[in-house]
Amino acid sequence: MDCPYCDVSTARMPLHSHLVDEHTDEIERDGATCRLRNPEGEDIEATVDTGDGETVERFTNEVAVLVFDRLLDSLEE
């Protein structure tokens with residue numbers, strides 16, 4: 001798979017790790033909602049159920065894992 005943000009090309013799991021490690025700046029946060037720009041289709045959105053920005057900050061890595069997983073699902077379709 002190819003990274004939609006740079007020239008990295010690798011298997012899904014290493015690409016997922018690459019995205020989380022290198023491209024979390026692509027995730028926009030608005031309170032408890034996180035949006036990820038998808039250069040190849042519709043943007044990805046996730047909302048943290050607890051609903052406050054402080055919780056989102058505590059779980060930044062988990063949110064990144066979730067939205068990048070959704071991105072990869074979208075790219076595979």
Other residues, nucleotides, ligands: >12 heavy atoms within 6.0 Å of E76 CD: yes
Hydrophobic cluster membership, I27 vs L75, 4.5 Å side-chain cutoff: yes
Side-chain heavy-atom pair E22, C3 within 4.5 angstrom cut-off: no
pair D73-R12: side-chain heavy atoms closer than 4.5 Å: yes
E62 atom CD, neighbour heavy-atom count above 12 within 6.0 Å: yes
Option passing side-chain contact (heavy atoms from CB on, under 4.5 Å) with L36 (candidates I44, L66, L19): I44
Minimum heavy-atom distance D43-R37, with the two atoms named: OD1-CA, 3.4 Å
Worked verdict on M1 versus V8 for side-chain contact (heavy atoms from CB on, under 4.5 Å): CA-CA 8 Å; M1 293 185 78; V8 169; over 6 Å; no
Residues that R35 engages under side chain to side chain donor-acceptor pair (under 3.5 Å), provided they are two or more places apart: E45
Sub-4.5 Å side-chain heavy-atom contact between H18 and C6: yes
Minimal non-hydrogen separation, T24 against V20, with atom names: CG2-O, 3.0 Å
CA sep, side-chain torsions, deciding dist, call: H16, V65, side-chain contact (heavy atoms from CB on, under 4.5 Å): CA-CA 8 Å; H16 192 274; V65 168; 3.5 Å; yes
